[in-house]
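Encoded as structure tokens, the structure appears first; notes follow it.
Source: prediction; values computed, not measured. This chain uses plain numbering: 1 for the first residue, then up along the sequence.
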Amino acid sequence: MGSVDILRKYIMEEFSKELDCVPDLKLIIPLGAAVEEILKEFFEPKSAQYSKVLWGFPHPSGLNGRRKIQFEEKRESMLDILENGIYSRQSNT
């Protein structure tokens, strides 16, 4: 995705406009490694948006034969994101 100019342009210019339309956004689930790589470039590592991304979530397609293995490999880090990112912020407000 990142190597296709028109997709990169859309992501960098239009995706931010779409995010602005959802001010109460709690969670972003990138479906697959390609989307995750783009989001890593799009969000600053210390930003609020970065902490709302469920990093490591595998693409759920049946064509992704490693999805269950990928999910298990990233399960603990995804739980950490959910527990320390989303829920801890909600309880502090």
Side-chain angles (χ1 to χ4, degrees):
M1 256 186 349
S3 62
V4 178
D5 288 340
I6 194 164
L7 290 175
R8 177 172 287 290
K9 182 178 186 225
Y10 171 77
I11 292 164
M12 296 305 176
E13 294 177 8
E14 300 301 321
F15 184 59
S16 63
K17 293 177 191 174
E18 291 184 28
L19 283 177
D20 290 342
C21 293
V22 190
D24 294 339
L25 183 68
K26 303 290 185 220
L27 182 65
I28 298 171
I29 303 175
L31 298 180
V35 176
E36 191 169 288
E37 289 304 313
I38 292 294
L39 289 179
K40 284 181 180 177
E41 290 181 31
F42 189 75
F43 295 131
E44 293 292 324
K46 303 268 183 191
S47 70
Q49 293 92 349
Y50 191 93
S51 66
K52 294 177 182 180
V53 178
L54 191 60
W55 302 108
F57 195 86
H59 194 285
S61 167
L63 296 175
N64 180 3
R66 290 188 29 87
R67 69 187 180 280
K68 291 178 183 176
I69 294 167
Q70 290 169 335
F71 184 84
E72 286 304 319
E73 288 174 350
K74 300 291 184 173
R75 181 184 180 105
E76 290 301 316
S77 65
M78 290 188 294
L79 284 172
D80 186 55
I81 291 167
L82 293 173
E83 291 170 357
N84 296 317
I86 296 166
Y87 298 119
S88 66
R89 270 195 268 306
Q90 287 180 349
S91 63
N92 291 334
T93 56

Legend entry - E18 atom CD, over 12 foreign heavy atoms within 6.0 Å: yes
[Y] reachable from [X] in the ILVMFWY side-chain graph, under 4.5 Å edges:
{"X": "F43", "Y": "V22", "value": "yes"}
{"X": "I29", "Y": "W55", "value": "yes"}
{"X": "Y50", "Y": "F15", "value": "yes"}
{"X": "L31", "Y": "L27", "value": "yes"}

Can you measure from [atom1] ([X]) to [atom2] ([Y]) and round to the nearest 0.5 angstrom?
{"X": "E44", "Y": "Q49", "atom1": "CD", "atom2": "CD", "value": "9.5 Å"}
{"X": "E76", "Y": "E83", "atom1": "CD", "atom2": "CD", "value": "8.5 Å"}
{"X": "L39", "Y": "L54", "atom1": "CG", "atom2": "CG", "value": "11.5 Å"}
{"X": "I6", "Y": "I11", "atom1": "CD1", "atom2": "CD1", "value": "11.0 Å"}

For residues [X] and [Y], report the shortest heavy-atom separation together with the two atoms involved.
{"X": "I81", "Y": "V53", "answer": "CG2-O, 3.6 Å"}
{"X": "I38", "Y": "R8", "answer": "CD1-NH2, 4.2 Å"}
{"X": "A48", "Y": "S51", "answer": "O-OG, 2.7 Å"}

Legend entry - Validation row: E41, M12 side chains within 4.5 angstrom (heavy atoms): yes
Inset, instruction - Just say parallel, tilted or perpendicular for the rings of F71 and F57, cut-offs at 30° and 60°. - result: perpendicular
Inset, instruction - Please list all pairs passing the salt bridge (Lys or Arg N to Asp or Glu O under 4.0 Å) test where one or both residues lie in residues 59-72, with sequence neighbours left out. - result: R66-E73, E72-R75
Inset, instruction - Identify whether the distance between the nearest side-chain nitrogen and carboxylate oxygen of K40 and E36 falls below 4.0 Å. - result: yes
